Student: 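My questions all concern the structure below.
Computation of the quantities below employed the complete heavy-atom set of this structure, encompassing side-chain atoms and omitting hydrogens, waters and symmetry-equivalent molecules. In what follows, chains carry the letters A, B, and so on, assigned in the order in which the sequence lines appear, proteins first and then strands, with residues in each chain numbered from 1. All values derive from a computational prediction rather than experimental measurement.
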2 protein chains.
Amino acid sequence: MTAGAELLRRNGYTGTGVKQIVQAANAPFGSLYHFFPGGKEQLGEEVIRTSGMLYLALFEIFFADEPDLIHGIEACFASAAETLRETDYADACPIATVALEVASTNEKLRIATADVFTAWIEAGTEKFGKYGLSAESARLLTIALVNSLEGAFVLSRSLRNTESLQVAGISSVALARTLLP
Amino acid sequence: MTAGAELLRRNGYTGTGVKQIVQAANAPFGSLYHFFPGGKEQLGEEVIRTSGMLYLALFEIFFADEPDLIHGIEACFASAAETLRETDYADACPIATVALEVASTNEKLRIATADVFTAWIEAGTEKFGKYGLSAESARLLTIALVNSLEGAFVLSRSLRNTESLQVAGISSVALARTLLP
DNA sequence: GTCTATAATTCGATAGAC
DNA sequence: GTCTATCGAATTATAGAC
């Protein structure tokens with residue numbers, strides 16, 4: 001699962017072979033179809049769902065016991081930029097690459113990515129509501145934040161710099177200030 | 001080229017076969033390697049570069065003879081949302097799917113996507129400067145706009161709705177208002 | 001649970017006639 | 001320029017022994 005998650009986020013679903021996964025995991029090939037009788041698709045779906053929940057937990061950490069919404073947002077994008085630099089621009093969003101690949105070709109995997117994004121949006125909406133935002137504003141800010149993060153990941157990985165993530169942080173903070181009471 | 005562009009933006013680079021492209025184009029298979037001796041990689045690179053320039057031209061149209069920056073931004077995102085709905089959430093950004101796929105695996109194609117994004121950012125920076133923004137503000141707004149658009153495309157294709165694009169329009173307009181003199 | 005061999009298909013790419 | 005046949009390697013998945 002861990003090896004699969006790393007390869008899928010970096011090379012995508014069709015760009016990753018099952019043999020490549022078991023080799024990276026130092027796992028016996030026979031075990032793959034023992035634990036994942038559904039094959040590559042089942043492995044892919046479980047990777048998407050668990051990676052999505054792990055990433056959500058990461059988000060929760062940034063705003064846990066954080067009294068300041070603005071500082072929480074800044075920390076999010078700064079941390080994302082640091083991870084990109086440290087991993088040579090490989091480890092961005094754990095599911096975006098697969099999400100774009102399968103959106104028009106594999107309905108089961110597409111739904112898995114949609115469930116993850118929905119969970120993120122609902123969690124963010126609830127969290128931001130605690131900073132005094134209305135339900136509508138909290139949802140707007142959450143989606144705008146995910147938009148900026150995902151888009152900045154695309155630019156960052158392609159251009160191999162973190163300017164887009166810095167801009168995403170600035171623009172998200174600016175939006176938060178206009179929504180904050 | 002046209003068939004390749006459509007398949008690559010929808011299914012990605014590794015997810016599209018060369019036989020699939022020539023079949024979709026109703027083209028003779030032998031012609032592919034006649035016109036693209038470099039094979040799939042050459043075709044992919046040319047598709048990325050020409051699609052990127054076509055998309056840039058689309059952007060220029062929205063702001064040509066448009067005296068109001070805010071209305072231009074709103075029209076961009078409204079048009080993107082309409083295209084997504086009309087194509088059953090297939091035709092979003094022509095190069096983002098490939099960009100994420102190849103960022104860590106194919107340097108030649110990665111550079112092609114980077115050149116496209118760089119051209120977009122430079123064109124937007126120049127265009128927005130004409131509305132009275134400083135060079136720094138114009139570049140910030142451009143990158144923020146691309147961030148929001150690319151991220152909203154990911155969410156829109158996965159969730160099969162246009163809420164993320166509406167939010168992207170709202171947040172981009174809000175940012176533009178804070179930067180405008 | 002794990003191993004090896006292999007089935008069945010598809011992949012990108014090429015050869016050589018026309 | 002186009003066509004067909006095909007190559008060699010890769011793909012996912014399975015069979016059957018251990």
Student: Report which part of the nucleic acid A:T14 touches: base, sugar-phosphate, or nothing (heavy-atom distance under 4.0 Å, all strands).
Tutor: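 Touches nothing.
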Student: Taking NE2 from A:H34 and P from C:dT4, how many angstroms apart are they, rounded to a whole number?
Tutor: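 About 17 Å, once rounded to whole Å.
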Student: Please determine whether residues B:I61 and B:L145 belong to a single hydrophobic cluster, defined as Ile, Leu, Val, Met, Phe, Trp and Tyr linked transitively by side-chain heavy-atom distances below 4.5 Å.
Tutor: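 B:I61 and B:L145: separate clusters.
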Student: Checking A:S158 against B:T113: is there a side-chain donor and acceptor pair closer than 3.5 Å?
Tutor: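 There is such a pair between these side chains.
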Student: Could you tell me how far apart B:Q42 (CD) and C:dA13 (C1') are, to the nearest whole angstrom?
Tutor: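 These atoms are roughly 14 Å apart.
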Student: Provide the start and end nucleotides, 5' to 3', of the part of DNA chain D that has atoms under 4.0 Å from heavy atoms of chain A.
Tutor: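 On DNA chain D, the outermost contacted nucleotides are D:dT11 to D:dT14.
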Student: Name the orientation class of the two ring planes belonging to A:F128 and A:Y131 (parallel below 30°, tilted from 30 to 60°, perpendicular beyond 60°).
Tutor: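 Tilted: the ring planes of A:F128 and A:Y131 meet at 30° to 60°.
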Student: Could you check B:L8, B:T16, B:V18, B:I21 and say which one makes a side chain to side chain contact (heavy atoms under 4.5 Å, CB included) with B:L43?
Tutor: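 Looking at B:L8, B:T16, B:V18, B:I21, the match for B:L43 under the side chain to side chain contact (heavy atoms under 4.5 Å, CB included) is B:I21.
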Student: Scan residues 19-31 of chain A against DNA chain C and write down, sorted by residue number, each residue with any heavy atom closer than 4.0 Å; if none is found, say none.
Tutor: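 Listed by number, they are A:P28, A:G30, A:S31.
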Student: Between C:dC11 atom P and B:Y33 atom OH, what is the distance in whole Å?
Tutor: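 Between P of C:dC11 and OH of B:Y33: 12 Å.
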Student: With B:Y89, which of B:T162, B:T83, B:L159 fulfils side chain to side chain contact (heavy atoms under 4.5 Å, CB included)?
Tutor: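 The residue from B:T162, B:T83, B:L159 that satisfies side chain to side chain contact (heavy atoms under 4.5 Å, CB included) with B:Y89 turns out to be B:T162.
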Student: Between the side chains of B:R157 and A:S104, is a donor N or O closer than 3.5 angstrom to an acceptor N or O?
Tutor: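 The criterion, which ignores hydrogens and geometry beyond distance, is satisfied for A:S104 and B:R157.
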Student: Could you tell me whether the side chain of B:E45 and the main chain of B:L109 form a donor-acceptor pair under 3.5 Å?
Tutor: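 Side chain of B:E45 to backbone of B:L109, a donor-acceptor pair under 3.5 Å: no, none is there.
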Student: Any cation-pi pair here, B:K40 with B:Y33, using under 6.0 Å and within 45°?
Tutor: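 The answer is no; the distance or angle limit is not met.
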